[in-house]
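Numbers for residues simply follow the sequence, beginning at 1.
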Amino acid sequence: MSIRIEAITHPLEPLTATELEQTIAILKRELELDEYYRFASINLYEPAKEIVLQYQSGDPLEREAFCVLLNNRDGQTYEAVVSISTGKVISWVHVPGVQPSIMVDEMMLCQELVKRDPDMIKALERRGLTDMERIMVDPWSAGHFGHEEEEGRRIVRALSYYRTSEFDNLYARPISGLYALVDLNQMKVLKIVDREIVPLPPMDGNYTADAVGPLRNDVRPLDIVQPQGPSFTVNGHEISWQKWKVRFGFHSREGLVLHTVSYRDQERERPILYRASLSEMVVPYGDPTEPVNRNNAFDAGEYGIGMLANPLELGCDCLGEIQYFDAHFADSQGNIVQINNAICLHEEDFGIGWKHTDWRTGHVEVRRSRRLVLSSISTVGNYEYGFFWYFYQDGSIQFEVKLTGILHTEAIQPDTRYPYGNLVAPQLFAAHHQHFFNIRMDLMIDGIDNSVCEVNTVSMDKGPDNPYSNGFYPVTTTFTKESEAIRDLDLRTARYWKFINPSSRNALGDPVGYKLFAGENAYPYAHDDSPLMKRAGFLKHHLYVTPFDREERYASGRYPNQHAGGDGLEHWAKADRDIENTDVVVWYNMGHHHITRPEDWPVMPTAYISFMLKPVGFFDRSPALDVPPSPPKSHGHCQHH
């Protein structure tokens with residue numbers, strides 16, 4: 001059952017549908033906007049941190065919206081802050097030389113525009129394709145590659161595919177050697193690039209249950225039953241579960257956002273995070289041939305992860321006793337869009353939490369682990385990304401991205417192979433690529449003033465104190481300046497990073513903290529002077545630490561679409577500001593390196609990439625000791641004696 005929240009109980013509650021309507025009405029009335037203005041995004045303008053942290057239930061709330069608008073007539077971008085409480089536009093600023101993210105309805109309009117273009121129709125006819133209802137178009141962000149004819153225009157590259165029937169997998173038959181360049185402001189095809197005729201791959205790539213042949217008949221039911229309901233409670237967008245308290249929001253660009261995460265320890269609410277979210281994600285491809293050599297999508301900044309969220313009412317995205325939340329946005333025309341069940345909240349069994357068997361007495365103590373799951377899934381063209389935040393009973397937090405969907409494909413000539421990708425079906429090529437995710441974490445470990453340390457393990461020197469040459473120990477270094485905190489993972493030293501509060505000590509006298517426990521990761525292979533790395537220089541390193549600045553929200557800068565570079569995290573960190581024992585933000589990059597394979601086709605089995613935040617001296621002992629034993633089951637093996 002979906003929640004539709006109208007009563008505003010906290011300054012970080014997302015904008016409701018009513019507030020979005022009010023914001024649009026205020027903008028139109030106060031600024032006399034004509035039909036050329038489009039609403040690129042409208043989100044809550046989050047109050048200053050001190051206002052949020054000092055807020056008490058019942059305090060008056062000042063509700064504001066941050067808006068990005070595009071004028072299609074002159075191509076100019078504007079930012080507005082609107083006071084919903086007073087019905088006034090507080091600020092209206094022209095931002096020259098930038099492009100807002102590509103809007104959902106622009107993608108639909110682009111497809112129809114390309115399919116009506118006479119030159120495109122002729123090019124398709126030369127390939128024997130005359131049924132335009134079977135032609136599908138994917139608009140790809142154009143990036144910035146120094147092409148003079150693209151300067152000052154709002155550009156996408158439109159790649160085309162052929163469907164043999166309504167629900168046929170279009171990515172099985174790419175129309176390679178042909179694409180269009182489209183100006184979205186003018187809604188005009190600028191040119192058709194027709195390089196060569198490549199035969200369509202011969203095989204279908206359909207994946208629905210009725211298309212794959214006989215299904216397995218030995219999959220018996222596996223039910224998740226919570227007869228007394230879930231263990232969490234919800235108040236607006238604040239969750240209480242076990243000892244966790246988590247507030248969350250949903251943003252058109254970032255998708256799921258965590259706010260004010262805390263853990264109750266000995267009747268004290270102890271803060272851990274003020275805010276955490278996906279700052280940017282970048283997908284560079286390794287194919288050097290046109291047009292794929294320009295494929296390096298900034299999926300958050302160029303498209304909007306929140307705007308592309310799936311409604312989860314269909315399928316089995318979540319299992320168990322589920323609480324859903326809707327999301328509300330405004331489309332470019334100012335219509336309110338409701339994404340039903342955009343956010344899923346549920347609990348999961350997670351195997352053994354802890355166990356010990358006393359082999360002398362035969363006494364066994366075991367506790368099952370349970371985790372709280374807060375998730376959403378977005379479809380960006382051919383790919384699906386699931387974004388999952390997990391909260392564990394032992395005080396750990398995990399962020400995981402689940403990657404699935406369909407590979408970006410190209411048709412190639414028969415009996416042809418290339419080193420920068422693999423065949424996934426006859427004449428169907430999938431280029432190698434990478435997925436990078438930058439997570440921004442505004443720390444609040446037992447308070448606002450925190451420090452970040454690096455821990456490297458070293459071998460002891462040989463000598464009388466190390467007679468068998470086996471000794472090793474960790475060495476901790478505390479970062480004081482931004483330049484010191486631009487770091488990479490190192491397996492040779494088992495490197496990790498620890499976030500501490502120097503003013504808060506545990507029972508052993510050490511600063512309380514959390515460590516970043518890294519999972520899979522990668523480095524980019526594009527050269528530093530490439531157009532990609534000029535725009536995504538933050539990918540050069542795995543970790544950055546900056547002092548908190550309300551305006552520094554996105555690693556790629558506020559407007560990465562068609563941006564030449566020189567903005568964002570890499571640029572900010574050059575200021576080399578102080579970061580010790582102050583309000584700091586940690587930026588962590590994790591990368592999935594995808595060498596394509598036939599088993600990824602026609603739908604890619606889910607790949608998982610994640611990191612964890614684990615308490616390190618935050619608690620005086622294991623906080624999971626008080627998890628109760630599992631009750632006995634009458635027809636199973638889970639018996640407690």
Side-chain angles (χ1 to χ4, degrees), residues 136 138 159 161-165 167-176 198-220 222 281-289 292 295-297 299 310 315-317 319 375 377-388 400-437 519-525 590-610:
M136 303 292 128
D138 270 3
L159 311 182
Y161 304 83
Y162 181 73
R163 266 185 168 152
T164 60
S165 61
F167 296 108
D168 181 48
N169 179 2
L170 63 142
Y171 298 109
R173 293 182 177 86
I175 306 172
S176 293
V198 182
L200 294 179
M203 294 182 63
D204 292 335
N206 295 322
Y207 48 84
T208 55
D210 59 345
V212 299
L215 301 177
R216 304 181 189 198
N217 58 12
D218 57 353
V219 181
R220 303 240 170 103
L222 177 62
M281 54 178 292
V282 184
V283 186
Y285 281 74
D287 185 344
T289 63
V292 185
N295 284 14
N296 45 53
D299 285 339
N310 290 181
C316 295
D317 302 292
L319 293 176
S375 65
I377 301 172
S378 293
T379 299
V380 187
N382 50 300
Y383 249 102
E384 265 74 26
Y385 298 96
F387 302 97
F388 288 72
E400 180 175 71
V401 182
K402 301 181 181 182
L403 301 86
T404 181
I406 300 178
L407 297 171
H408 176 67
T409 54
E410 305 165 60
I412 61 174
Q413 300 287 358
D415 303 318
T416 304
R417 289 179 181 265
Y418 299 110
Y420 33 84
N422 282 319
L423 288 171
V424 293
Q427 297 172 228
L428 190 65
F429 177 80
H432 305 318
H433 57 281
Q434 298 178 295
H435 302 259
F436 289 99
F437 305 88
E520 177 190 354
N521 219 316
Y523 288 99
Y525 286 87
M590 58 182 188
H592 175 65
H593 186 70
H594 193 168
I595 301 298
T596 56
R597 59 195 181 118
E599 290 86 352
D600 291 326
W601 179 256
V603 177
M604 174 182 153
T606 301
Y608 303 83
I609 182 169
S610 71

Please test Arg173 against Asp204 for side chain to side chain contact (heavy atoms under 4.5 Å, CB included), starting from the C-alpha separation and ending with a verdict.
CA-CA 8 Å; Arg173 293 182 177 86; Asp204 292 335; 2.6 Å; yes
As a quick check of understanding, evaluate side chain to side chain contact (heavy atoms under 4.5 Å, CB included) for Asn382 and Leu407, giving each step before the final call.
CA-CA 7 Å; Asn382 50 300; Leu407 297 171; 5.5 Å; no
Report the C-alpha separation of His435 and Asp299 in whole Å, then their side-chain angles, then the decisive distance to 0.1 Å, and conclude whether the side chain to side chain contact (heavy atoms under 4.5 Å, CB included) test is met.
CA-CA 10 Å; His435 302 259; Asp299 285 339; 5.8 Å; no
Side chain to side chain contact (heavy atoms under 4.5 Å, CB included) assessment of Asn206 paired with Val212:
CA-CA 7 Å; Asn206 295 322; Val212 299; over 6 Å; no
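Relative ring orientation between Tyr418 and Tyr420 is described as parallel, the plane-to-plane angle staying below 30° on a 0-90° scale split at 30° and 60°. Between His594 and Tyr383, the ring planes are perpendicular. Angles over 60° get that label, and only those under 30° would be called parallel.
Smallest separation of non-hydrogen atoms from Gly381 and Tyr171: C-OH, 3.8 Å. When all heavy atoms of Gly205 and Pro602 are compared, the closest pair comes out as O-CB, 3.0 Å. Contact record, Leu159 with Tyr161: O-CE1, 3.8 Å, taken as the closest heavy-atom pair. In this structure, Ile595 and His593 approach most closely via the heavy-atom pair CD1-NE2, 3.6 Å. Between Gln427 and Leu200, the shortest heavy-atom distance links the atoms NE2-O, 4.0 Å.
For Ala425, the side chain to side chain contact (heavy atoms under 4.5 Å, CB included) criterion is met by Leu428, Trp601, not counting sequence neighbours. With sequence neighbours excluded, no residue forms a ring pair (Phe, Tyr, Trp, His ring centres under 6.0 Å) with His432.
A heavy-atom distance below 4.5 Å is found between the side chains of Pro201 and Pro174. Considering only heavy atoms from C-beta on, His592 stays 4.5 Å or farther from Val401 through its side chain. Considering only heavy atoms from C-beta on, Ile412 comes within 4.5 Å of Leu423 through its side chain. Put simply, the side chain of Ile377 reaches to within 4.5 Å of the side chain of Asp317, judged on heavy atoms. Residues Val283 and Asn295 are not in side-chain contact: their nearest non-hydrogen atoms beyond the backbone lie 4.5 Å or more apart. Using a 4.5 Å heavy-atom threshold, the side chains of Val292 and His408 count as touching.
Between the OG1 atom of Thr409 and the CG atom of Leu170 there is a distance of 8.0 Å, given to the nearest 0.5 Å. Atom CE in Met136 sits 12.0 Å away from atom CG in Asn169 (nearest 0.5 Å). Note: Phe429 CZ to Asn422 CG = 7.5 Å, rounded to the nearest 0.5 Å.
Here the side chain of Asn521 pairs a donor or acceptor atom with the backbone of Gly591 at under 3.5 angstrom. Side-chain atoms of Gln434 come within 3.5 Å of backbone atoms of Tyr523 as a donor-acceptor pair (strictly under, hydrogens ignored). At distances below 3.5 Å, at least one donor-acceptor pair connects side-chain atoms of Thr404 with backbone N or O atoms of Met604.
Side chain to side chain, Asp600 and Thr596 fail the donor-acceptor criterion of an N or O pair below 3.5 Å.
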